[in-house]
Amino acid sequence: PVDTPNDLYKKVGALFNMLELKHEVQTVCCILTLLDHPNVSLTESQKQFFRELLDEQVPNLEKVKKRLAELRQTAEVIDHKLKRKSGAYRVAIADKTLSVREDGLALLYSPEIQTSPSVLLANSSPPGMHAEIIPELFIFIPDAEIDKAKQTIHQQYRTGNMILALMVVLGGVLGGGIFIAVHRQRELDAMKTNFIATVSHELRTPLSLIRLHAETLHHGRVSEDKVHDYHQTILTESERLSGIVNNVLDFSRIERNKLQLHIESTDISALCKQIAESFRFRLEKDGFELEKQIQPGIVVPADPLAVSQILFNLMDNAIKYSDGEKSIRLELERSGDQAILRVADRGIGIPDKLKKHIFDEFVRSNDSKASARRGSGIGLSVARRLAEEMGASIEVVDNKPTGTIFTVSLAGGSTNEAAIS
Ligand code: ADP
């Protein structure tokens, strides 16, 4: 038996890479047959290398194995065709032929090469020609043809390596993708756990304020001039409480695909005024200035509770994420056939790279100023979903010189002249 030089191993490897990548199952099988053949003396580690390559890289390995089992039978039949003469081996399976020369040159033939005019078919071997045998037939290959084949093989080898490198990179990217996905899932799990703790805490604050103020009032321990403030605090905090509870309920309905809105003709000018009024006490108490520019009588087809919830979330955030200049502008105007609702603050702003994710659930800025404020990270995701359900859109841009502007655009509707006059 011929000792296969190391080259053979490399070149067959190159062919293998090339062709396997093209999903040429048959060629993979050729190689496998070669590997198993007693006349081709690959070392154990070389065989191991091929097996590992197969395991790692043939995505359709099962298909290949099945095909291999089929071909094994054929291979047994054609095994007798594998003859050694002039130092050449030839393995012919289906329409592909792999011939391996003693010097390690592996040539892959397709039927076309056999019809090439420079390849002669004859019954005897002229000197100086590389001859190979298949039963009853010699194939003579001129040296030029072999050189060409050598070049092709080198090229294939290089391409094979390039594709291999590319696959490694792609594998890395894919692996990275999976890693990111797993990482994101873990993050989401952690966020969900955190969410329950945060919401409970968020609920506790208004609840304890309501209780404290109600109890103090109940025991008559409030001076006459403060009674109104106590009532106001109870009212404001219970609105905040409902805001949080409604967010959680909406969020849970969204998660379960159970969100159902009731679209009706809604006077959102009146709604905006109402929400602004409900925030008045809290704004005053915290030293905020609220500038209102609400065009009267704008009526749109919308779910009034959903619009209130969106507005509540935006106003609540505007207060929560303000720092230094405590100034909020609430605008409502008609523009073409749309009603445009804006909540602008002069607060800490949202970093650019976070803007496109800010409407995703549980996304919170990890900026130290933002994370110092309590929040569960669902307010904006609920707002976006409610808006989308009404055919509206919501977006965020920077305010000048600082802060953010959230804009909700609601389509359709009209202006109610009666409401204006
Ligand atoms: P929460 O406020 O409960 O964290 P939201 O979904 O309402 O959740 O907001 C998500 C994140 O978006 C906030 O954590 C904050 O980082 C950022 N954000 C929202 N509104 C504003 C705003 N007006 N100014 C600055 N950052 C904001």
Side-chain angles (χ1 to χ4, degrees), residues 184 187-188 190-206 237 239-255 259 275-276 279 282-283 286 288-291 306-331 341-389 393-408:
R184 175 82 186 131
E187 245 179 32
L188 276 178
M191 282 168 175
K192 276 186 183 163
T193 316
N194 226 347
F195 167 73
I196 296 170
T198 316
V199 168
S200 318
H201 195 94
E202 270 196 281
L203 288 174
R204 206 177 297 155
T205 316
E237 293 306 320
E239 265 153 11
R240 193 157 141 198
L241 198 65
S242 356
I244 299 167
V245 171
N246 286 340
N247 265 341
V248 176
L249 287 178
D250 281 344
F251 182 72
S252 137
R253 286 186 197 116
I254 290 167
E255 290 269 289
L259 188 68
I275 299 284
F279 273 95
R282 186 170 157 201
L283 289 167
D286 292 348
F288 274 88
E289 204 180 289
L290 177 66
E291 190 191 328
V307 176
S308 305
Q309 189 65 24
I310 295 174
L311 206 46
F312 170 86
N313 287 347
L314 298 182
M315 286 292 293
D316 189 52
N317 280 348
I319 297 174
K320 207 157 66 173
Y321 299 105
S322 276
D323 197 33
E325 196 180 337
K326 294 183 164 184
S327 165
I328 297 173
R329 204 173 66 246
L330 173 62
E331 286 177 10
L341 185 63
R342 276 190 210 94
V343 177
D345 63 59
R346 295 284 176 81
I348 60 173
I350 298 177
D352 274 343
K353 64 177 191 311
L354 197 70
K355 281 198 186 80
K356 58 177 180 290
H357 302 296
I358 208 71
F359 294 101
D360 294 344
E361 67 221 33
F362 304 126
V363 171
R364 304 199 70 220
S365 168
N366 52 13
D367 169 273
S368 61
K369 278 185 183 166
S371 45
R373 277 95 167 157
R374 278 210 162 263
S376 49
I378 60 167
L380 288 182
S381 73
V382 166
R384 176 175 64 181
R385 188 56 194 273
L386 293 175
E388 282 172 356
E389 285 290 316
S393 65
I394 180 166
E395 56 186 40
V396 61
V397 290
D398 285 336
N399 198 2
K400 297 270 167 4
T402 56
T404 42
I405 307 176
F406 282 90
T407 307
V408 184

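We count ligands from 1, going down the list as the structure has it; atoms in each ligand are counted the same way. The basis for the numbers below is simple: all heavy atoms, side chains too, and nothing from hydrogens, waters or symmetry mates.
Pairing each heavy atom of A387 with each of I310, the nearest pair is N-CD1, 3.8 Å.
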Given V408 and V343, is the side-chain contact (heavy atoms from CB on, under 4.5 Å) satisfied, shown in steps?
-> CA-CA 9 Å; V408 184; V343 177; over 6 Å; no
Pairs of nitrogen or oxygen atoms, one from ligand 1 and one from the protein, closer than 3.5 Å: please tabulate them with distances.
unit_1: ligand 1; atom_1: 2 (O); unit_2: N317; atom_2: OD1; d: 3.3
unit_1: ligand 1; atom_1: 2 (O); unit_2: K320; atom_2: NZ; d: 3.1
unit_1: ligand 1; atom_1: 2 (O); unit_2: Y321; atom_2: OH; d: 2.7
unit_1: ligand 1; atom_1: 3 (O); unit_2: S376; atom_2: N; d: 2.9
unit_1: ligand 1; atom_1: 3 (O); unit_2: G377; atom_2: N; d: 3.0
unit_1: ligand 1; atom_1: 4 (O); unit_2: Y321; atom_2: OH; d: 3.2
unit_1: ligand 1; atom_1: 4 (O); unit_2: R364; atom_2: NE; d: 2.4
unit_1: ligand 1; atom_1: 4 (O); unit_2: R364; atom_2: NH2; d: 3.3
unit_1: ligand 1; atom_1: 4 (O); unit_2: G377; atom_2: N; d: 3.4
unit_1: ligand 1; atom_1: 6 (O); unit_2: G379; atom_2: N; d: 3.2
unit_1: ligand 1; atom_1: 6 (O); unit_2: L380; atom_2: N; d: 2.8
unit_1: ligand 1; atom_1: 7 (O); unit_2: N317; atom_2: OD1; d: 3.4
unit_1: ligand 1; atom_1: 7 (O); unit_2: N317; atom_2: ND2; d: 2.8
unit_1: ligand 1; atom_1: 7 (O); unit_2: L380; atom_2: N; d: 3.4
unit_1: ligand 1; atom_1: 8 (O); unit_2: G377; atom_2: N; d: 3.3
unit_1: ligand 1; atom_1: 14 (O); unit_2: Y321; atom_2: OH; d: 3.1
unit_1: ligand 1; atom_1: 14 (O); unit_2: R364; atom_2: NE; d: 3.1
unit_1: ligand 1; atom_1: 16 (O); unit_2: S365; atom_2: N; d: 3.0
unit_1: ligand 1; atom_1: 20 (N); unit_2: N317; atom_2: ND2; d: 3.3
unit_1: ligand 1; atom_1: 23 (N); unit_2: D345; atom_2: OD2; d: 2.8
unit_1: ligand 1; atom_1: 23 (N); unit_2: T404; atom_2: OG1; d: 3.2
unit_1: ligand 1; atom_1: 24 (N); unit_2: T404; atom_2: OG1; d: 3.4

Quick one: side chains of residues 346-354, donor-acceptor pairs under 3.5 Å with protein atoms, not counting sequence neighbours, listed by atom name and distance.
unit_1: R346; atom_1: NH1; unit_2: E325; atom_2: OE1; d: 3.4
unit_1: R346; atom_1: NH1; unit_2: E325; atom_2: OE2; d: 2.7
unit_1: D352; atom_1: OD1; unit_2: K355; atom_2: NZ; d: 2.5

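The pair K320-D345 does not count as a salt bridge, with every side-chain nitrogen at least 4.0 angstrom from each carboxylate oxygen.
Checked against side chain to side chain donor-acceptor pair (under 3.5 Å), S242 has no partners two or more places apart in sequence or in another chain. For F312, the ring pair (Phe, Tyr, Trp, His ring centres under 6.0 Å) partners at least two apart in sequence or on another chain are F279.
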